[in-house]
> 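Would you mind keeping the following structure in view while I ask a few things?
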Amino acid sequence: MTRTIRPAARLCGSLRLPGDKSISHRYAMLAAIAEGTTRIRNFSSGADCASTLGALAALGVRIERSGNEVVVHGQGLDGLRAAETALEAGNSGSTMRMLAGILAGQPFRTVIAGDDSLSRRPMDRIIRPLESMGARIRAREGRYPPLEIEGARLRPIEYELPVASAQVKSCVLFAGLYAEGVTAVVEPVRTRDHSEIALREFGAEVNVEGRRISVRGRPRLHACELEVPGDLSSAAFFLAATLLVPGSELLIEGVGLNPTRAALLDFLAAQGASLRVLRLEQRAGEPVGDALVRHSRLRGGVIEGALTAALIDEIPVLAVLGAASEEGLVVRDAAELRVKETDRIATVAENLRRMGIVVEVAPDGLRVPGGQRFRAARLDSFGDHRIAMAFAVAALAADGECAIEGAEAAAISFPEFFDLLEELAAGSAT
Ligand code: S3P
């Protein structure tokens, strides 16, 4: 589907976002192996989280969904049953990697497959720790999906993560639920800690000492009443659009502000963004609040080291902001971007260049000089949701109408995105 985006005069209004994708996956998976019925409100509307629900249903979990409310009838730690056919993770790395941790502890074999994009993404990062816990996993060329997971009685491990990845950390912690004793993960830098928070909420014993996170195996997980905070990574596109388009002002209500994700707000504020957080509260251990943002001229900045991991999903839209900033944006230590839904260094650079923006590409990053103007162009999502949305934001500031091919990719995390953007650009959303 091609979507046309006209330059925006300004964006105004307030909005609430669908539930956080990362948190929704974790709540659904833990609810499935907990005892009792978990009710999850504001569950992510994205296709990725629907893949997780579909996979859990195929493992014998009864799930009822009505709009954004999901009811999961937990089967207990040992209540899953073998799926009759391969599980379909679709485009979702989180579904495949995190669920693999649970599947590794089952007394049966499971095949889990993905779409073309996911089938090109590395899975050796989860295969290695899960095999050292006792599972056997076959993969294409030893590292690509589909995965065939032969579950086993797992033994606990102490695992030093070679890459900063919350998905891999979560995979090992979830597998640790099935091992007698304490399983620990040591991260190279801190990554999002939604699994740690959710595990505690469901009743598991989790310890965090610096970058070492451990979980005690064989807990009795209990059902919960939960409401997923609005997705900050979805909010990022609206924050960016507001900052970019003169005269804009937006209130984003009920958005997740977990410190391992909210580095985005600090990074923007440090560049001069007018941003205020109002009404901060805790919901099931997750900070939630309202964010008020106004158009601002940004200075630009550098993303490297631990900050790269903290902003990894936001780099496409931050690159767009970088081009319009005073000094531009430099991104380093971001080789992980090359193995996301697309090679995001390549797809960001390609779309920027189509808009007449100068960009330099490195193996693990990019540099976008500041003070540039966006030319109207024909853009492409390349099938990647965050690329579709990042360049819809760029298009708002272009000198004419832009077209985005493959705009339907936004539905992977945020099906409502284009309609909301249109409403806000017309100043009519409430
Ligand atoms: C996620 C972790 C990140 C992120 C992805 C969601 C998660 O991936 O890019 O969108 O929910 O744990 P990695 O673990 O591969 O860095």
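Remember, it's 1-based here, ligands and their atoms both numbered in the order they're listed. Atoms considered below: every heavy atom in the structure, side chains included; atoms not considered: hydrogens, waters and symmetry mates.
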> Do the two ring centres, one from F374 and one from F391, sit under 6.0 Å apart?
no
> Let me have the donor-acceptor pairs involving side chains of residues 173-185, under 3.5 Å, with sequence neighbours excluded, atom names and distances please.
| unit_1 | atom_1 | unit_2 | atom_2 | d |
| --- | --- | --- | --- | --- |
| Y178 | OH | L77 | O | 2.8 |
| Y178 | OH | Q106 | NE2 | 3.2 |

> With a 3.5 Å cut-off and sequence neighbours excluded, list the donor-acceptor pairs that the side chains of residues 165-172 form with protein atoms.
| unit_1 | atom_1 | unit_2 | atom_2 | d |
| --- | --- | --- | --- | --- |
| S165 | OG | Q167 | N | 3.3 |
| S165 | OG | V168 | N | 3.1 |
| Q167 | OE1 | R97 | NH1 | 2.6 |
| Q167 | NE2 | S94 | OG | 2.9 |
| K169 | NZ | E187 | OE1 | 3.3 |
| K169 | NZ | E187 | OE2 | 3.4 |
| K169 | NZ | T191 | O | 3.3 |
| K169 | NZ | T191 | OG1 | 3.0 |
| K169 | NZ | R192 | O | 2.9 |
| K169 | NZ | E196 | OE2 | 2.8 |
| S170 | OG | R26 | NH2 | 3.2 |
| S170 | OG | A166 | O | 2.6 |
| S170 | OG | S195 | OG | 2.7 |

> Write out the residue and atom name of the closest protein heavy atom to atom 14 (O) of ligand 1, then the distance separating them to 0.1 Å.
S165 OG, 2.6 Å
> Give yes or no for whether the N/O distance cutoff of 3.5 Å, strictly under, is met between D313 and ligand 1.
yes
> Starting from atom 11 (O) of ligand 1, which protein heavy atom do you reach first, and at what distance in Å?
S22 OG, 2.7 Å
> At the 4.0 Å heavy-atom cut-off, does R97 count as touching ligand 1?
yes
> Kindly confirm or rule out an N or O of I312 lying under 3.5 angstrom from an N or O of ligand 1.
no
> Answer yes if the side chains of T95 and S51 hold a donor-acceptor pair under 3.5 Å, and no otherwise.
no
> Step through the shown structure and confirm whether more than 12 heavy atoms of other residues, nucleotides or ligands are within 6.0 Å of CG on D116.
no
> Can you tell me if K340 has a non-hydrogen atom under 4.0 Å from ligand 1?
yes
> Take every heavy atom of R26, measure it against each atom of ligand 1, and state whether any distance is under 4.0 Å.
yes
> Using a 4.0 Å cut-off to any heavy atom of A166, which atoms of ligand 1 qualify?
12 (O), 14 (O)
> Hey, does V72 have a side-chain heavy atom less than 4.5 Å from the side chain of V61?
yes
> Pick, from Q167, E341, H194, the option with the minimum heavy-atom distance to atom 2 (C) of ligand 1.
Q167
> Examine the proximity of ligand 1 to K169 and report which part, side chain or backbone, both or neither, has a heavy atom under 4.0 Å away.
neither
> For S233 and E314, test the side chains for any donor-to-acceptor distance below 3.5 angstrom and give the result as yes or no.
yes
